[in-house]
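See structure below.
Index from 1, following the sequence. Keep in mind that what you see is a predicted model, and the values were worked out from it rather than measured.
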Amino acid sequence: MTEVAASDQLLVVIDPVARWTDGESVRIAKDVLSAGATTKVCLPEGPEEFARALARRGSRRPVVVGDDRALLRAVSLLHRQRELAGCGVSLVPVGGVLSLARALGVPVGAVAAARAVLDGVERRLDLLVDESDGVVLGALRIPPVGAGGGMRGAEEVEVGGLGGVGGFGDAEGSGSSGGSAGFGSFGGFGGFGGGASGLGGHAWLRTCQSLVRTLAARPARVASVPGPGPSRLRVEVDGVTLVDLDQPVEAVSVTPGVAGGAEVEVRPVSVGAEASPLRVVGRRVTVSGADFRYRADSVVSGPVRTRTWTVREGGWGLTLPS
């Protein structure tokens, strides 16, 4: 009997929101993966089960079936367990928030993504790590706003209720909101009346699934937040002050993956003639000042008075098409 290599043994963790929003893509991905490798499929219903599945993976390679927030959740957990160096991650993107997956080069079709998991190669990528063990895979933005102003949009902020259409709830439907992992409070199938039995049969179950699909396609609604004005922040890169508190800024962005460092861009407030953005590359970025919020990938955090991000070169591995 031929022994299956450890790399061909997969732990397939299927995010519950992926199951609710696009069950057909989940089924296709599962079939393709099972046909090409030995798989163990996990269907976590809450953050504890998600973390426990990863912790008990053994030699299996973890494959996340879900959206950007599911990927960020898995990488964050592995980082806190200090296992990112020896454990690559694979992703089959399913859900409504996939901009990070696209930016990283992951195919967004279920078949193509599953084939990439089986036939692709692990590439080591840079990430940002802060002093509170938060991670940034794609981009950091201060303030956390979109082009239209205000803290709006499913890809801008995670909220309670449906957890920004990216969260978990508990089996009783009470759920728990918040945290950088993005566990919301929809409550699984128990979110309406305590589980499938409380929904009054399959018709109600189909109604709930349809509701989740509808809400997943919409921008998440948040409380009215005034559009942010200029911020007074001190931005230091590798110990050198790039901009100080006496110079208001419109925006700050930090993006890892530039020659082992991160590209830092600061847009000063224009007075008269338009001010040119300041751009530098560094490995350690500290932002401080009045209380500010920031968006790390799809998660909004804060307010904080100071935060330092450090580049971890090749700090995590992602399976991409060869």
Going by heavy atoms in the side chains, are [X] and [Y] under 4.5 Å from each other?
X	Y	value
Val13	Arg73	no
Val287	Arg307	no
Val12	Val92	no
Val243	Leu233	no
Val311	Leu128	yes
Ile14	Val94	no
Lys30	Val65	no
Leu127	Leu84	yes

With sequence neighbours left out, what residues match [X] under salt bridge (Lys or Arg N to Asp or Glu O under 4.0 Å)?
X	result
Arg52	none
Arg56	none
Glu49	none
Asp238	none

Which heavy atom of [X] sits nearest to which heavy atom of [Y], and what is that distance?
X	Y	result
Glu265	Arg279	OE1-NE, 2.7 Å
Thr21	Gly95	OG1-CA, 4.2 Å
Leu11	Arg57	CD2-CB, 3.5 Å
Glu45	Pro16	OE1-CB, 4.4 Å
Asp22	Ser25	OD2-OG, 2.7 Å
Arg284	Thr310	NH1-OG1, 3.4 Å

What pairs meet the salt bridge (Lys or Arg N to Asp or Glu O under 4.0 Å) rule with one or both residues in residues 312-322, with sequence neighbours excluded?
->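 Of all non-adjacent pairs touching residues 312-322, those that pass salt bridge (Lys or Arg N to Asp or Glu O under 4.0 Å) are Arg283-Glu313.
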
What side chain to side chain donor-acceptor pair (under 3.5 Å) pairs are there with at least one residue in residues 253-264, not counting sequence neighbours?
->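 As it turns out, there is no side chain to side chain donor-acceptor pair (under 3.5 Å) pair with a partner in residues 253-264 once direct neighbours are skipped.
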
Interatomic spacing from [atom1] in [X] to [atom2] in [Y] - rounded to 0.5 Å:
X	Y	atom1	atom2	value
Arg80	Leu77	CZ	CG	6.0 Å
Leu125	Leu320	CG	CG	6.5 Å
Ser76	Gln81	OG	CD	11.0 Å
Leu278	Arg267	CG	CZ	10.0 Å
Thr286	Arg234	OG1	CZ	10.5 Å
Asp119	Thr319	CG	OG1	11.0 Å

What residues form a side chain to side chain donor-acceptor pair (under 3.5 Å) with Asp291, not counting sequence neighbours?
->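 Asp291: side chain to side chain donor-acceptor pair (under 3.5 Å) contacts with Arg305.
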
Quick one: side chain to side chain donor-acceptor pair (under 3.5 Å) partners of Glu122, sequence neighbours excluded?
-> Arg124

With Ala101, which residues qualify under side-chain contact (heavy atoms from CB on, under 4.5 Å), at least two apart?
-> Asp68, Leu91, Pro93, Val106

Ala116: partners by side-chain contact (heavy atoms from CB on, under 4.5 Å), with sequence neighbours left out =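 Result, side-chain contact (heavy atoms from CB on, under 4.5 Å) vs Ala116: Pro107, Pro321.
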
Tell me whether [Y] is reachable from [X] by hopping between hydrophobic residues (I, L, V, M, F, W, Y) whose side-chain heavy atoms are closer than 4.5 Å.
X	Y	value
Val108	Val26	no
Val249	Leu245	no
Val121	Leu10	no

Checking salt bridge (charged side-chain N to carboxylate O under 4.0 Å, His left out) for the pair Arg82/Asp133: CA distance, chi angles, key distance, verdict?
-> CA-CA 10 Å; Arg82 302 298 185 260; Asp133 261 352; 3.2 Å; yes

Okay, side chain of [X], backbone of [Y]: is any donor-acceptor separation there less than 3.5 Å?
X	Y	result
Asp126	Gly314	yes
Arg115	Ala112	no
Asp15	Val17	yes
Asp297	Leu137	yes
Arg141	Arg295	no

Qualifying residue for side chain to side chain contact (heavy atoms under 4.5 Å, CB included) with Leu72, from Val64, Val135, Val97 =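 Result: among Val64, Val135, Val97, Val135 is the only option passing the side chain to side chain contact (heavy atoms under 4.5 Å, CB included) with Leu72.
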
Would you mind listing every ring pair (Phe, Tyr, Trp, His ring centres under 6.0 Å) that reaches into residues 300-322, with sequence neighbours excluded?
-> Tyr294-Trp309

Qualifying ring pair (Phe, Tyr, Trp, His ring centres under 6.0 Å) pairs, either residue in residues 95-144, two or more places apart =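 Pairs touching residues 95-144 that pass the test: none.
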
Check the pair Leu104 / Leu71 against side chain to side chain contact (heavy atoms under 4.5 Å, CB included), numbers first and verdict last.
-> CA-CA 11 Å; Leu104 292 172; Leu71 173 64; 4.0 Å; yes

